[in-house]
Structure formats: structure tokens, C-alpha cells
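Below is one structure, written out as C-alpha cells; the observations come after it.
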Amino acid sequence: MKFYSINRRSPSVDLREAVMNGLAPDGGLYMPEQIPRIPKAFFNNISSMTLRDIAFVVTDMILGKDIPSAVIRQIVYDTFSFDIPLVGLSPDVFSLELFHGPTKAFKDIGARFLARVISHYSSRSPSRKVKVLVATSGDSGAAVAAGFHGVPGVETYILYPSGGLSRSQVARLCLPGSSVKPIEVLGTFDDCQRLVKQAFVDRSLRDNFGITSANSINICRLLPQMVYFFYAYAMLSAREEMSGKHLDSPVVFSIPSGNLGNLTAGLLARRMGLPVDRFVVANNSNDVTARFVTTGEFTPRRAERTVATAMDVGNPSNISRVIDLLEKDHETPEACMRGYSLTDSEIEEVIRSVYTDSGVILDPHSATALGALRRDLREGEKGIFLSTAHPSKFPKVIERITGVRLEPDNLPPAPHRSAPHPRISVSYDALRRLISV
Ligand SMILES: *Cc1c(COP(=O)(O)O)cnc(C)c1O
């Protein structure tokens, strides 16, 4: 499979190059040239397939020409090593719990998959060490650290701004004996990103090592996220069959949206043939995508801080992928999407009411998705919203709204003290010295 740059000023590349480049030389994001259609028969027995079986079929259709099928099978086996339950809140509304991985958020899935694909390519040229660089301003670093921990043949450097992370966030980057190495930078997140970019264009570094990034725009973080849309559909079908029925209601997915990785993955799944009636794009008060869906106009804006912080995004990095997919299909946004935005107090009201009605505690991001779904879902339809993080990641908010103190053992283990790790000034030479070993 070839992958093209959305800006179309760089040549198309194979999977290996798309993964290793991250971003095309012309600054565009990569997309697969063909989106294969899954045969209709696949959906006849999807309800009896396991998560790993579905993951293999879906990813093999896109990556199968580039990676041997046996390797893909192992990669999805290792990536999808935890359950993704579908929890019914009412006969028509379901929560797809994507937070049962090591760092309790859906970003685990993309990070684990990408780590294993990079490791596969690194094992094919063992004489050339692969270095993964990533800048983080918060939780995505933990997902990358956990995803790359113990993956052979890859050394990972996570740059974070001094003072920019909480102590437990730093501790989660420090996995003992790991090939994942945190680096504290005496600067801002932007400084960290600039240093990473400098490493990418450093020819003499690239002569000695394979240099790549694990940031969220990498196509191999996106592709495994298609899997859970199919799996959710499978579980919904299985439920219907258990009560002697056949799933024939329209299915609506509601997606708590920030940088639009999940929305892009959902649109790809639909293009592959998944019967989705429409997607609900759920924003907090940073509503640029909801507006785009409603008006067809995209106007980036400065992000403001909300209670659902991972969606405080004013210029979503995957918007060009969404627009590209729509243009290719000659579809307008309103043909397959609806957009809603919720204020902080509306998000909190959803958390409160779900807890009161059903005893389920949702994190603020998942609650945003449910709130939008409730506005959109019509009689006779089935709605699934993505639950993207475990509520125990937001203990203060949850306690303030519900009065419930979530057990700390719901959190991933954080050592009391971070292992010692290097601290550098905002100097490319200092970074270079650390990584050229
Ligand atoms: C990253 C994140 C989102 C936003 O997902 P995108 O794919 O970037 O739109 C939503 N919820 C949580 C908990 C997140 O960490």
C-alpha cells in the first residue's frame, strides 16, 4: 500500500517510510491511497468474532502488503491485550470503554500499535539503531512510555518541559530499566517540540540512526483505532442476537473530539464498509470542529481551558485528514456528521445525572460525548459513545461533582519518586549528546 501526503507536494511512500517519517517532507499528513472495502459477508458473523480477530482482519487489509500477516497477527495480539467492554446505560445508549489499558486512556492503543510496527522495521535492519523522539505536555507521554516500554530494538526519548508536568505524570515516564528515557528540558513545550524537529533534520544524526517520532499524527497511531468501531458494532450485534433479534437500527457513534484522531479512524471504518449512520462530533467549549460540521467552514481559534482538558484544541491536527476524506467521497460534513458543543457546566451536569440514574461515573471527556449523543439520538436508533479515559484520572473533578472519592488503585502505578534522569537547557547540542550513543 502506498501512502500519499495530503499536501500532494511530496511523493507517495510505502508504509515503512510513512511510519518512520511521521510527517511528509512537504508538511502534509499521510493517508492510505486505497481504502479497501470489507466484504459484506464479514458482517454476517462479526458478532461471534473476538477483538483480536477483528483487529487482524481490519489492519491486515491495509497493512498486509507491507508487513507479513503472521507479524500483523502478533502485533494486534500484543496491542489489544486488554478488554474493550460495551456497557449499556439504557436499551439504546452504550458506553464503549477504551480505558482498560496500562495508562487508562484510549491513547494506549495507538501508542502500543505504533511501537510494535516501529520495532518490526527496526528488527529488519538490526545494525541501525532506531531512536524515537517525542515531546509531551502531559498524559500522551505516559501512553508512549508504556507503549514503547520493553519493545525490542527501539530507544525512546520523551522530552517534557520543566515544571509542565505533575510529579505523578513525570513518575509515569520513568519506568525502571526501560529503553524509554525521559529528558527534562528547562523550557516550554514548544521548546521541546523545536528540539525534536531539529533532530529530524540533523543529517549527521540520521546517517547513524533511524530517527522517528511517536506523535499523534503518525498514521500507525490512527489505523488501530478503526478496530474498536468494528468491535463495538460486533458487540452490539451480539446483544441483539441474544434477545433473538437482528441489529437493523441505524447506529450512531458519538466521539469526544480534540485532534480528531478518533473521528478520522471512524470515518475510515465507515469507508471500509462499517454500517454507521452518522458520527456525532462532541466538543467542549472549544467548538471549532462542531462549527465546521454544522457550517462547513473551518476557522481555527486559540484554545481555552475547560474541564475536559484533552479536548482543549483550537486547531485540530487531523482536520486536513477529515476534509480530505470528505472531498474524496464528494460528501459534505452534514452528510455523515452532526456537531455539538457543551459548556463546562453542561458536561458536569451529564456526569451528575448519569451517576444518579445508573451509578456509572464518566470522566469529563466521555461525558461530553454522551451529552452530545443525548441531543442527537432519535427514537429507534442505537447510540454508542466513546469513553476515552478512566474517571479515576480526574479524581478532583469527580469528587466535586459526585462526592465519590475514587480509589487510587484505579490509577496506573506511579513510583513515589521518579528515577533520576537528565535535565538539559534548551540546547540542541545538549540533546544531541544524549541521544547519539
Ligand atoms: C486525546 C483525548 C481525546 C481527544 O481525542 P482525539 O482523537 O484527539 O480527538 C478525548 N478524550 C481523552 C481522554 C483524550 O486523552
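Indexing begins at 1, ligand by ligand and atom by atom, following the structure's order.
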* Asked: Is a side-chain donor-acceptor pair under 3.5 Å present for D344 with N284?
  ->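 Result is no, nothing qualifies.
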* Which is it for L260 and ligand 1 at heavy atoms under 4.0 Å: side chain, backbone, both or neither? ->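 The answer is the backbone of L260.
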Starting from [atom], locate the nearest protein heavy atom and write down its residue, its atom name and how far away it is, to 0.1 Å.
{"atom": "atom 4 (C) of ligand 1", "value": "G258 N, 3.6 Å"}
{"atom": "atom 8 (O) of ligand 1", "value": "N259 N, 2.9 Å"}
{"atom": "atom 11 (N) of ligand 1", "value": "T388 OG1, 2.8 Å"}

* Output field: ring centroids F106/F99 closer than 6.0 Å ->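 Judged by ring-centre distance (under 6.0 Å), F106 and F99 do not meet the cut-off.
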* Asked: Looking at H100 versus F82, is the centre-to-centre ring distance below 6.0 Å?
  ->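 No, ring centres 6.0 Å or more apart.
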* To do: Within a distance under 4.0 Å of any heavy atom of A389, pick out the atoms of ligand 1 and give their elements.
  =>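 Listed by number with element, the hits are 13 (C).
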* What are the atoms of ligand 1, with element, lying closer than 4.0 Å to any heavy atom of A310? ->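 Going through ligand 1 atom by atom, the ones under 4.0 Å from A310 are 2 (C), 12 (C), 14 (C), 15 (O).
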* Asked: Out of curiosity, is S257 lining ligand 1, as in a heavy atom under 4.0 Å away?
  ->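 Checking ligand 1 against S257, which is what was asked, there is a heavy-atom contact under 4.0 Å.
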* Contact check, F106 vs ligand 1, heavy-atom distance below 4.0 Å ->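 The answer is yes, since F106 has a heavy atom less than 4.0 Å from ligand 1.
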* Please name the pair of heavy atoms, one in V13 and one in A18, separated by the smallest distance, quoted to 0.1 Å. =>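 Taking every non-hydrogen atom into account, CG2-N, 3.6 Å.
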* How far apart are the closest heavy atoms of K328 and E33, and which atoms are they? ->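 Minimum heavy-atom separation between K328 and E33: NZ-O, 3.8 Å.
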* Atom CG of D78 and atom CZ of R73: how far apart are they, to the nearest 0.5 Å? ->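 Going from CG on D78 over to CZ on R73, the span is 13.0 Å.
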* Asked: Less than 4.0 Å between a side-chain N and a carboxylate O, is that true for R375 and E346?
  ->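 Yes, E346 and R375 are salt-bridged.
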* Taking atom 2 (C) of ligand 1 as the point of reference, which of K107, R221, Q225 owns the nearest heavy atom? ->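 Checking each option, the heavy atom nearest atom 2 (C) of ligand 1 is found in K107.
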